[in-house]
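Computed from a predicted structure; not experimentally measured.
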Amino acid sequence: MNSVVLAHVTVFAGSALACVAALPRARRVRHPETREGLVGLLLAVTIWAGGYVGYLLAPGERLKIAFYIAGFIAALFAVGAWLYFCAAYTGRSPRRAPHRWVVVGVFFVTSALKATNPLHNLYFTAAWTTEPFPHLAIRHELLYWVVLGVSYAIVAVGFYMLLEQFYYTGADSRPLAALAAMTAVPTVATLIGGELPWLLPLLYEPPGVALFALGTLFVYFHRFETIQFAAESDDAAVFLDQGGRIRDYNRAARLLFPSLAGSVGQPLDTVLPHLAIERGGDDVIEVDLGDSDDLRRFYEVSRNTFTSGGATAGELLTIDDVTDRERYRLRLEERTEQLEALNRVVRHDIRNDMAVIRGWSETLRDHVDDDGQDALDRVLRKSDHVIELTETARDFVDSLTGDAIPDIKPVDLRELIEDEVQAAQDSYPDAEFRLRDDSSQVTVRANEMLSSVFRNLLNNAVQHNDSDTPQVTIGCETDDNRVRVRIADNGPGVPDDEKTTIFGKGERGIDSAGSGIGLYLVYVLTDQFGGDVWVEDNDPRGAVFVVELPVAEESLDPSASSDGSQDPFVGPDAVVETDPER
């Protein structure tokens with residue numbers, strides 16, 4: 001066998017065998033699309049190189065041309081597989097690429113033209129020659145060079161993707177960048193093939209692909225995979241081996257922590273001790289970039305373990321910038337401390353002082369004449385109102401800070417409302433409170449703070465009532481695992497344009513157009529319990545405040561109808577009519 005033929009057969013056969021040997025390793029790539037692209041590339045190059053071997057060794061012109069065309073078509077599919085692989089490896093999902101079906105169609109049309117070349121000879125012509133040895137010589141036509149130019153442009157796009165990926169990862173990516181660059185070296189042989197006596201006019205890229213496959217899959221496999229994960233996001237990433245030594249890092253990490261430069265192989269706890277969080281845990285670290293608080297940055301460090309063959313191969317540390325979140329959290333903590341300080345003042349100082357004022361005012365009853373009695377009564381009522389406000393403010397602060405909010409649990413609704421109605425009756429002896437009688441019991445999902453909801457609503461029904469005798473009726477109905485408590489009064493009612501703002505829902509604050517902090521607290525608490533509150537018109541006048549709460553499962557009464565016909569509080573003598581629909 002001629003030495004030129006032997007050299008060509010050896011190069012292409014070796015390339016095909018190398019690609020076949022690399023297939024099992026390629027199937028171990030964890031990223032699905034990257035795996036598909038790499039496996040497709042290796043299969044295409046195997047057929048490509050194998051077709052050239054058949055072209056050189058097969059007897060007869062037809063068989064040689066058939067092998068050559070098979071390799072020729074496989075080369076085109078290798079171009080597509082290369083682009084697919086590069087896009088997937090760099091985080092650009094080829095399955096979601098725009099106009100992908102048009103590209104696939106162009107590839108198949110081009111392949112069909114190659115397969116039918118013997119009919120039109122647009123790609124190449126073949127003729128026997130004796131130089132440099134007897135063989136079937138291939139002469140490429142214009143369409144071949146056009147398609148080759150387009151193919152090289154596509155391949156160049158893939159190279160750009162890879163090199164960009166390697167650039168944004170750590171210094172340990174240089175071996176892979178070198179392998180990718182070596183893949184392009186055989187292109188020179190393709191371009192000058194036929195110009196030298198010992199080079200045939202063939203496509204010589206299979207050896208370069210084989211070298212890239214062997215290098216990435218057998219020598220730098222773990223590095224190949226970790227680099228892909230490193231550049232998938234803009235977050236800084238550091239890779240560790242089993243011993244906690246730095247294996248690699250991406251460009252974002254190097255810019256964030258300059259001490260990483262040249263640190264490959266060194267223990268993490270000596271290079272970046274503040275990143276050495278406990279294995280398997282996450283943490284937030286603070287990086288001081290200057291004297292100003294504005295230069296302080298906060299980063300959340302997450303650890304993810306790499307495994308190979310069931311054994312831990314290393315870890316990926318991802319550093320996510322959470323500065324805005326942490327600054328907001330610190331501001332909330334500061335405001336919480338301020339609220340807690342306010343709570344202490346309200347709970348102790350103001351309430352105690354008002355209790356003293358009320359006590360001394362009571363001692364004046366026997367020392368004022370009839371003209372001063374009315375003024376004293378006003379002072380006592382206002383004192384009671386201020387004490388009530390301190391209790392509401394205390395509950396409100398507790399609801400925000402969480403100090404007085406235990407876990408949600410079953411609460412006996414009737415017992416709680418009876419206690420609050422009795423307390424309201426004691427506070428307002430001139431008002432009439434009616435709790436509709438029924439022996440049924442309902443348990444709702446809430447906690448001790450539920451008492452503040454009904455205390456504020458009952459007080460509100462009297463304080464904002466312009467009738468000579470305030471009348472408040474409390475009823476209840478169940479419907480689809482929900483219970484609605486209706487507190488109806490005979491006051492002036494609530495205008496329609498205030499019904500949506502009276503609880504402060506729109507502005508979510510105590511400065512809303514509502515009746516004060518008490519109603520906003522009612523809204524906050526019912527929302528925490530998974531319920532709701534709203535106001536309706538009463539008939540013939542007044543307002544109905546409706547509190548809807550989830551019923552605890554253990555209290556569901558199978559005898560209750562879904563249409564609300566059974567009312568745990570409302571008996572057959574109900575006198576207040578309200579619209580049950582919101």
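- For the pair Arg445 (side chain) and Gly530 (backbone), a donor-acceptor distance under 3.5 Å is absent.
- Taking the six-membered ring where the residue is Trp, Phe503 and Phe545 present perpendicular rings, their angle passing 60° and hence far from 30°.
- Of the charged side-chain nitrogens involved, at least one lies within less than 4.0 Å of a carboxylate oxygen, so that Arg486 and Glu536 count as a salt-bridged pair.
- A side-chain N or O of Glu33 and one of Ser93 form a donor-acceptor pair less than 3.5 Å apart.
- Here Glu164 pairs with Arg92 in a salt bridge; the nearest charged N to carboxylate O distance falls below 4.0 Å.
- Partner Phe454 forms a side-chain contact (heavy atoms from CB on, under 4.5 Å) with one of Val421, Val522, Ile487 and no other, that one being Ile487.
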**Request:** Give the C-alpha distance, both sets of side-chain angles, the deciding distance and a yes or no for side-chain contact (heavy atoms from CB on, under 4.5 Å) between Leu413 and Ile417.
**Result:** CA-CA 6 Å; Leu413 182 61; Ile417 292 181; 3.8 Å; yes
**Request:** Output, in order, the C-alpha distance, side-chain angles, deciding distance and verdict of side-chain contact (heavy atoms from CB on, under 4.5 Å) for Asp479 and Arg484.
**Result:** CA-CA 8 Å; Asp479 181 17; Arg484 296 190 185 98; 3.8 Å; yes
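- Salt bridge Asp496/Lys499: present, at least one basic N to carboxylate O contact under 4.0 Å.
- Taking 4.0 Å as the cut-off between side-chain N and carboxylate O, Asp324 and Arg329 do not count as a salt-bridged pair.
- Between the side chain of Tyr89 and the backbone N or O of Phe224 there is at least one donor-acceptor pair closer than 3.5 Å.
- The structure places CG of Asn465 at 4.5 Å from CG of Asn490, a figure rounded to the nearest 0.5 Å.
- Two rings, from Tyr428 and Phe433, have their centers 6.0 Å or more apart.
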**Item:** Val411 vs Thr443, side-chain contact (heavy atoms from CB on, under 4.5 Å): CA-CA, chis, key distance, verdict
**Value:** CA-CA 5 Å; Val411 175; Thr443 304; 5.5 Å; no
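- Counting only distance, with no hydrogens or angles, the side chain of Ser361 and the backbone of Leu380 share no donor-acceptor pair below 3.5 Å.
- Here the straight-line distance linking atom CG of Leu435 with atom CZ of Arg414 works out to 5.0 Å at 0.5 Å rounding.
- Using a 4.0 Å cut-off between charged side-chain N and carboxylate O, Arg365 and Asp377 make a salt bridge.
- Here the straight-line distance linking atom CZ of Arg358 with atom OG1 of Thr363 works out to 11.5 Å at 0.5 Å rounding.
- Side-chain contact, Asp369 with Gln373: no donor N or O sits under 3.5 Å from an acceptor N or O.
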**Request:** Begin from the C-alpha positions of Val444 and Val442 and carry the test side-chain contact (heavy atoms from CB on, under 4.5 Å) through to its verdict.
**Result:** CA-CA 6 Å; Val444 296; Val442 176; 4.1 Å; yes
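- Distance check, rounded to the nearest 0.5 Å: CG of Leu260 to CG of Leu272 gives 4.5 Å.
- Distance check, rounded to the nearest 0.5 Å: CG of Leu549 to CG of Leu450 gives 6.0 Å.
- Gly475 and Arg436 get closest at one heavy-atom pair: CA-CD, 4.1 Å.
- In this structure, Asn538 contributes its side chain and Val544 its backbone to no donor-acceptor pair below 3.5 Å.
- Atom CD of Glu420 is separated from atom CZ of Arg455 by 5.5 Å, given to the nearest 0.5 angstrom.
- When every heavy atom of Val494 is checked against every heavy atom of Asp537, the shortest pair comes out as O-OD1, 3.9 Å.
- Listed for the Asp527 side chain is no donor-acceptor partner under 3.5 Å among the backbone atoms of Tyr523.
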